[in-house]
Amino acid sequence: MPETAQEVLSMIQDQKIKMIDLKFIDMPGIWQHLTVYHDQIDESSFTDGVPFDGSSIRGWKAINESDMMMTLDPKTAWIDPFMAEPTLSLICSIKEPRTGEWYSRCPRVIAQKAIDYLESTGIGSTAFFGPEAEFFVFDDVRFDQTQSCGYYYVDSIEGRWNSGREEPGGNLGNKPRYKEGYFPVSPTDTMQDMRTEMLLTMAECGVPIEKHHHEVATGGQNELGFRFGTLIEAADNLMIYKYVIKNVAKKYGKTVTFMPKPVFNDNGSGMHCHQSIWKDGQPLFGGDKYAGFSEMGLHYIGGILRHAPALLALTNPTTNSYKRLVPGFEAPVNLAYSQGNRSASVRIPLSGDSPKAKRLEFRCPDATANPYLAFAAMLCAGIDGIKNKIDPGEPLDVDIYDLSPEELSKIPSTPGSLELALEALENDHAFLTESGVFTEDFIANWISYKLDNEVNPMRLRPHPYEFALYYDV
């Protein structure tokens, strides 16, 4: 893979590539792109950028100040496997053309500032992240909202709800039971070949792949695994992951969603985030404390738990996120930590004695999060825990879901809605802004955007189940 601008330009010339696709991420977390002819790219594109109109990008510029610059990252070059004409893809960060400064609302810029902040503290030089994003594959999805109706419909050949359906050639059964979809072989698992193609296609795009498997829920829940990377590498790879999975599924006549809770009464989709800090090539979270962790590692956990309600406004940023974070579906609603216990919101995986493998896993996030913002925010919370020596308290090495109501009442829990998470972020964001990673402008804009475009619109619309509850009152 190329490392420098000159290597990318040589690659374009040597492989006679005509089209260059420039991808960047908007504030909520969806890739946008612009495709240009190869002669529009030169060395200055990697430093000064390529101009575009940012006025239509969600949460960014007003039309009277819309000119912006996409600055190409040469280390992100890969040939897009879904385009008929050989097309080189590059991921970009955004600059202000008037000042040449990095744009403070660009999520990828914020992620870089988080790394710069880590280095400036002297605590570490590298932050590693390993996200595990789950998703559903459906054969049919329909939804609409008008003034007189509102509905959604999802379907999957694997859905247990179809066990009695008449199907072409006969219903062959083999549909995963509710909450029993983890690791079945074929014919119950119908998506083996598709997942393999997804994984191998990711590898073609430069993502270091590991594994794939069926997940717990019926109705086509799956997960692919790729290796951890530095903060920005991991975020870039997660965006490629989502892009590849959606496009391969379309090739098979299927559709993918990363919504945390698209299916009622079964497990939702999370994005457990493994993370650790290293300095000068040496891991810092291995030690002689609980679970073989260092004191620094425990303080990092303390920062995550202390700021978790505010973090969730960025790591679980949709109204649907909080339909997953409910008891009874393996979702980590209790803000506690434990060794190997997946019912805790922070888990220290059982990884042997090697300090290099010592990491924590924050289990609350889901893949509707913008990964650059989510990873940056978690790192800032962890650094705050280290700087202020925040004690994470005693670990909980029991199944939290088996505790009595009295015992549970002593354990803090995650916010019950996006609105409450946004309120927590409004009241607790100094750990994000005092370092300059996030600006006050960004935090205010994020809260306003989420309230105006998601929380309040949901309040205005009657829910279909409300008719079942209240129509005959």
Side-chain angles (χ1 to χ4, degrees), residues 1-4 7-8 23-25 29 31 46 71-78 89-94 102 106-133 202-203 205-210 224-243 271-286 296-297 300 303-304 314-315 349 351 354-362 365 367 369-383 386 432 435-438:
M1 300 295 286
E3 293 282 327
T4 67
E7 288 175 342
V8 173
K23 296 180 173 71
F24 66 94
I25 194 165
W31 254 354
F46 297 84
T71 303
L72 289 54
D73 185 343
K75 297 179 181 179
T76 64
W78 45 280
S89 175
L90 287 155
I91 301 175
C92 304
S93 299
I94 308 303
W102 293 109
C106 171
R108 205 165 182 269
V109 167
I110 290 172
Q112 182 58 57
K113 287 198 293 183
I115 294 299
D116 295 342
Y117 172 47
L118 172 65
E119 294 175 351
S120 74
T121 63
I123 290 171
S125 54
T126 309
F128 287 110
F129 280 78
E132 300 175 335
M202 284 165 52
C205 299
V207 178
I209 59 173
E210 289 188 336
L224 279 63
F226 61 89
R227 287 195 64 202
F228 65 89
T230 60
L231 190 153
I232 292 180
E233 286 174 346
D236 287 345
N237 287 339
L238 182 64
M239 294 308 297
I240 298 172
Y241 175 99
K242 296 176 78 170
Y243 180 73
M271 185 178 71
H272 308 148
C273 292
H274 297 254
Q275 48 205 284
S276 63
I277 294 177
W278 291 45
K279 186 173 184 178
D280 300 328
Q282 297 300 313
L284 300 180
F285 282 2
M296 175 186 289
Y300 188 104
I304 293 286
L314 294 160
T315 64
S351 55
S354 172
K356 293 182 177 180
K358 290 301 178 184
R359 64 196 187 277
L360 66 100
E361 175 193 20
F362 187 38
N370 184 319
Y372 302 95
L373 301 178
F375 298 169
M378 285 185 277
L379 180 59
C380 286
I383 291 173
I386 294 169
L432 301 172
S435 60
V437 175
F438 292 79

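Along the sequence shown, residues carry numbers from 1. Predicted, not measured: the structure shown is a model, and the values here were computed from it. Worth knowing before you read on, the calculation uses all heavy atoms, side chains too, and leaves out hydrogens, waters and symmetry mates.
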(request) Give the intermediate values and the outcome of side-chain contact (heavy atoms from CB on, under 4.5 Å) for residues Val8 and Phe46. (result) CA-CA 10 Å; Val8 173; Phe46 297 84; 3.8 Å; yes

Roughly how far, to the nearest 0.5 Å, is the [atom2] atom of [Y] from the [atom1] atom of [X]?
X: Tyr243; Y: Cys205; atom1: OH; atom2: SG; result: 8.0 Å
X: Cys106; Y: Gln112; atom1: SG; atom2: CD; result: 11.0 Å
X: Met202; Y: Lys242; atom1: CE; atom2: NZ; result: 13.0 Å
X: Ile304; Y: Cys273; atom1: CD1; atom2: SG; result: 9.5 Å
X: Phe226; Y: Ile209; atom1: CZ; atom2: CD1; result: 12.0 Å
X: Leu373; Y: Ile25; atom1: CG; atom2: CD1; result: 7.5 Å

Looking at [X] and [Y], what are the two nearest heavy atoms and their distance?
X: Leu90; Y: Pro74; answer: CD2-CA, 4.3 Å
X: Ala235; Y: Phe375; answer: N-CE1, 3.7 Å
X: Ala367; Y: Ala133; answer: CB-CB, 4.0 Å
X: Leu314; Y: Ala377; answer: CD1-CB, 3.7 Å
X: Tyr300; Y: Leu379; answer: OH-CA, 3.6 Å
X: Phe285; Y: Ser276; answer: CE2-CA, 3.5 Å

Heavy-atom distance under 4.5 Å between the side chains of [X] and [Y], does that happen here?
X: Ile110; Y: Val437; answer: yes
X: Pro371; Y: Asn237; answer: no
X: Trp102; Y: Thr71; answer: yes
X: Arg359; Y: Phe228; answer: no
X: Glu7; Y: Met1; answer: no
X: Glu361; Y: Glu132; answer: yes
X: Leu238; Y: Met271; answer: yes
X: Leu72; Y: Phe24; answer: no

Under 3.5 Å, which donor-acceptor pairs link side chains of residues 123-130 to any protein atom two or more places apart or in another chain?
{"unit_1": "Ser125", "atom_1": "OG", "unit_2": "Asp280", "atom_2": "N", "d": "2.9"}

(message) Let's go through Met239 and Ile91 carefully: what are the C-alpha distance in whole Å and the side-chain angles of both, what is the deciding distance for side-chain contact (heavy atoms from CB on, under 4.5 Å) to 0.1 Å, and is it a yes or a no?
(response) CA-CA 10 Å; Met239 294 308 297; Ile91 301 175; 5.8 Å; no

(request) Carefully, step by step, assess Thr121 and Ile386 under the rule side-chain contact (heavy atoms from CB on, under 4.5 Å). (result) CA-CA 10 Å; Thr121 63; Ile386 294 169; over 6 Å; no

(request) Check the pair Val109 / Tyr372 against side-chain contact (heavy atoms from CB on, under 4.5 Å), numbers first and verdict last. (result) CA-CA 8 Å; Val109 167; Tyr372 302 95; over 6 Å; no

(request) Indicate yes or no for a side-chain donor-acceptor contact from Lys113 to the backbone of Gly436 under 3.5 Å, with no hydrogens or angles considered. (result)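 Yes, the answer is positive, given that a donor and an acceptor are paired below the 3.5 Å cut-off.
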
(request) Sort and list the pairs that fulfil salt bridge (charged side-chain N to carboxylate O under 4.0 Å, His left out) and have at least one residue in residues 228-240, not counting sequence neighbours. (result)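 Non-adjacent pairs meeting salt bridge (charged side-chain N to carboxylate O under 4.0 Å, His left out): Arg108-Asp236.
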
